[in-house]
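Right, one structure below, let's go through it.
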Number of protein chains: 2
Amino acid sequence: MTLNNNMNYKSEKEFLNQYDAKEFESPLVTVDLCIFTLIENDLKVLMVKRSSFPEKGKLALPGGFIDLNSDSSIEETALRKLLNKTGVKSPYLEQVSTIGNKSRDPRGWSVTTLYFALLPYVDVIGANEFGDEVKWLSMEDVAINSMAFDHKELIHLARKRLSNKVSYTDIGFHVLPQKFTLSQLQKAFEILMDHKLEKKSFRRRMMAADLVQELDEVSAERGRPAALYQAKSKQPYFFARSL
Amino acid sequence: MTLNNNMNYKSEKEFLNQYDAKEFESPLVTVDLCIFTLIENDLKVLMVKRSSFPEKGKLALPGGFIDLNSDSSIEETALRKLLNKTGVKSPYLEQVSTIGNKSRDPRGWSVTTLYFALLPYVDVIGANEFGDEVKWLSMEDVAINSMAFDHKELIHLARKRLSNKVSYTDIGFHVLPQKFTLSQLQKAFEILMDHKLEKKSFRRRMMAADLVQELDEVSAERGRPAALYQAKSKQPYFFARSL
DNA sequence: CGAATAGTGTCTCTCAGACAGTATGAA
DNA sequence: TTCATACTGTCTGAGAGACACTATTCG
């Protein structure tokens, strides 16, 4: 407490020269990611099997410590973790919340900033650079598996934010491939929101909001072929009334 | 890097016994508060004049380091800071965002979790326990004063979240005293949202949402006396359409 | 033709917006 | 009576919800 007792310094420069960042005890700081995608109309979260202590062997969210030398912001930490687990560079990424308390990590007082990401489906290699096993877990499996730290709660936090936000913005587009049909779009929104939608209203609103661009192609499955569209949105869009 | 290289440990317990939290370089971690109130129909933010380095003499948001011994969560840190600057124990408090990067604090890589609070007006004592000067600053003064660290940006972040959230929830009630008239309520919403509202619609919606309880008292100023109301809300309320 | 899926027409009901009109106090 | 502010009545238009209807493919 003596070194940083800065009443004695005459200038900011002098103070900073003497400053020792290690003097105050500080918590562990991590960034965790809840990466969502849709695989065959099923919502999935990316999970990692921990290969080292603590919580070795358990499922956990991708994430970890900030690298003070290479990361210049926590957002960058999040993007780095996401890139090396999925190979994706520019997903939809949003900060959910920061959870900090003394009981969530057995190593001591710990703070984590939770992000969620939304991606079109990508195949994950199965193992990342540390040899941890990486896989897409469905929400049903999230419910029944035990998880490291408070990660199950983190997933629920992110899931809630996701449902909510999908219902009044256009972020739902981010789980789809470049080209999609309006039925696929609606289905995606329904799953993300966990809420059925009326076909006519949905289409009316997408058109009114001018969010999609019709293409000269069709997608043929069973039944009448469906027109293909692509997302138009430049800016994130907010609906005046929720869906 | 040798001590925490945990491949060598046989059990979680053994690992934790050997774990040294100081081995990884970690960022500075703080909590900052943007405490809003309304004084005579003017939006104010609580500011502190820093009495010590760094940024000595500049205006800053109340906040500071987590006390790992006495705080059991970051929310508690926020409440503690709020209590000792304002004397208020249970305000409306919401986490806005966590900002972390290597340039925001001259001492080095720094992470802050920003909260905003909403209070009915309270007189602040003028100086808090560290002898820092504490005062309510109007938003116009926020614009023209220079501030410590990135605190001006933090205020703008919090201000934006506030406007937004007021427009689709009932949090605006928290800046009013226990008893208030509907005109006062509407005025408060208008200032917080920075957006005029239609009188009839506003009243219709408050009634429809069942958010207020009429009292048997009136408030007499100029003109016709107005009925006094009190807030009914038990749960936070979300409007289906924004105001 | 029927099954399956895409896409439209249109009625109804809710509710925000606008704004004029009425009520009740003080000077 | 005038003014200031509180409060209400009521018309209009936008748009969500419901749901039946038509369209286009495959077998």
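Per chain, numbering begins at 1; letters A, B, ... match sequence-line order.
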Check: What is the per-nucleotide protein-contact pattern of nucleotides 8-14 of chain C, from the 5' end, where B denotes a base atom under 4.0 Å from a protein heavy atom, S denotes such proximity for sugar-phosphate atoms only, and - denotes neither?
Finding: BBB----
Item checked: Where protein sits on nucleotides 22-27 of chain C, one letter per nucleotide: B base, S sugar-phosphate only, - none, heavy atoms under 4.0 Å -> -BBS--
Checklist line | Atom NZ of A:Lys179 with >12 non-hydrogen neighbours under 6.0 angstrom | finding: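 Counting neighbours around NZ of A:Lys179, 12 or fewer heavy atoms of other residues, nucleotides or ligands fall under 6.0 Å, so no.
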Rounded distance (Å) that lies between atom [atom2] of [N] and atom [atom1] of [X]:
{"X": "B:Lys187", "N": "D:dT5", "atom1": "NZ", "atom2": "P", "value": "11 Å"}
{"X": "B:Glu198", "N": "C:dA18", "atom1": "CD", "atom2": "C1'", "value": "6 Å"}
{"X": "A:Lys196", "N": "D:dA18", "atom1": "NZ", "atom2": "P", "value": "13 Å"}
{"X": "B:Met206", "N": "D:dA6", "atom1": "CE", "atom2": "C1'", "value": "17 Å"}
{"X": "B:Glu217", "N": "D:dA6", "atom1": "CD", "atom2": "P", "value": "17 Å"}
{"X": "A:Gln184", "N": "C:dG7", "atom1": "CD", "atom2": "C1'", "value": "15 Å"}
{"X": "A:Gln186", "N": "D:dG17", "atom1": "CD", "atom2": "C1'", "value": "13 Å"}

Check: Any ion pair linking B:Arg104 and B:Glu153 (charged N to carboxylate O, less than 4.0 Å)?
Finding: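 Looking at B:Glu153 and B:Arg104, the cut-off is not met.
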Check: Backbone N or O of A:Gln235 within a donor-acceptor pair of the A:Ser233 side chain at under 3.5 Å?
Finding: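 Answer holds: no.
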With distance as the sole criterion, is a donor-acceptor pair present between the side chains of [X] and [Y] under 3.5 Å?
{"X": "A:Asn101", "Y": "B:Ser73", "result": "no"}
{"X": "B:Arg159", "Y": "B:Ser163", "result": "yes"}
{"X": "A:Thr30", "Y": "A:Thr112", "result": "yes"}

Note to self: Classify the ring geometry of B:Tyr237 against B:Phe239: parallel below 30°, tilted from 30° to 60°, perpendicular beyond 60°.
What the structure shows: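 Plane angle over 60°, so perpendicular.
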Next item on the list: Indicate the ring-plane relationship of B:Phe173 and B:Phe180, choosing parallel, tilted or perpendicular according to the 30° and 60° boundaries.
Entry: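 Because their plane-to-plane angle is over 60°, the rings of B:Phe173 and B:Phe180 count as perpendicular.
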Identify all side-chain donor-acceptor contacts of residues 182-198 of chain B below 3.5 Å with residues at least two apart in sequence or on another chain.
residue  : atom : partner  : partner atom : Å
B:Gln184 : OE1  : B:Thr181 : N            : 3.1
B:Gln186 : NE2  : B:Glu190 : OE2          : 3.0
B:Gln186 : NE2  : B:Leu197 : O            : 3.0
B:Glu190 : OE2  : B:Leu197 : N            : 2.9

Check: Base, sugar-phosphate, or nothing: which does B:Ser201 touch, judged by heavy atoms less than 4.0 Å apart?
Finding: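 If one applies the 4.0 Å heavy-atom cut-off, B:Ser201 turns out to touch a base.
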Note to self: Using a 4.0 Å heavy-atom cut-off, does B:Ala226 contact any base of the nucleic acid, only the sugar-phosphate backbone, or nothing at all?
What the structure shows: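 Contact class for B:Ala226: sugar-phosphate only.
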Check: In terms of the nearest nucleotide of DNA chain D, which residue is placed more toward the 5' end: A:Arg205 or B:Ala227?
Finding: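 Here B:Ala227 is the residue nearer the 5' end.
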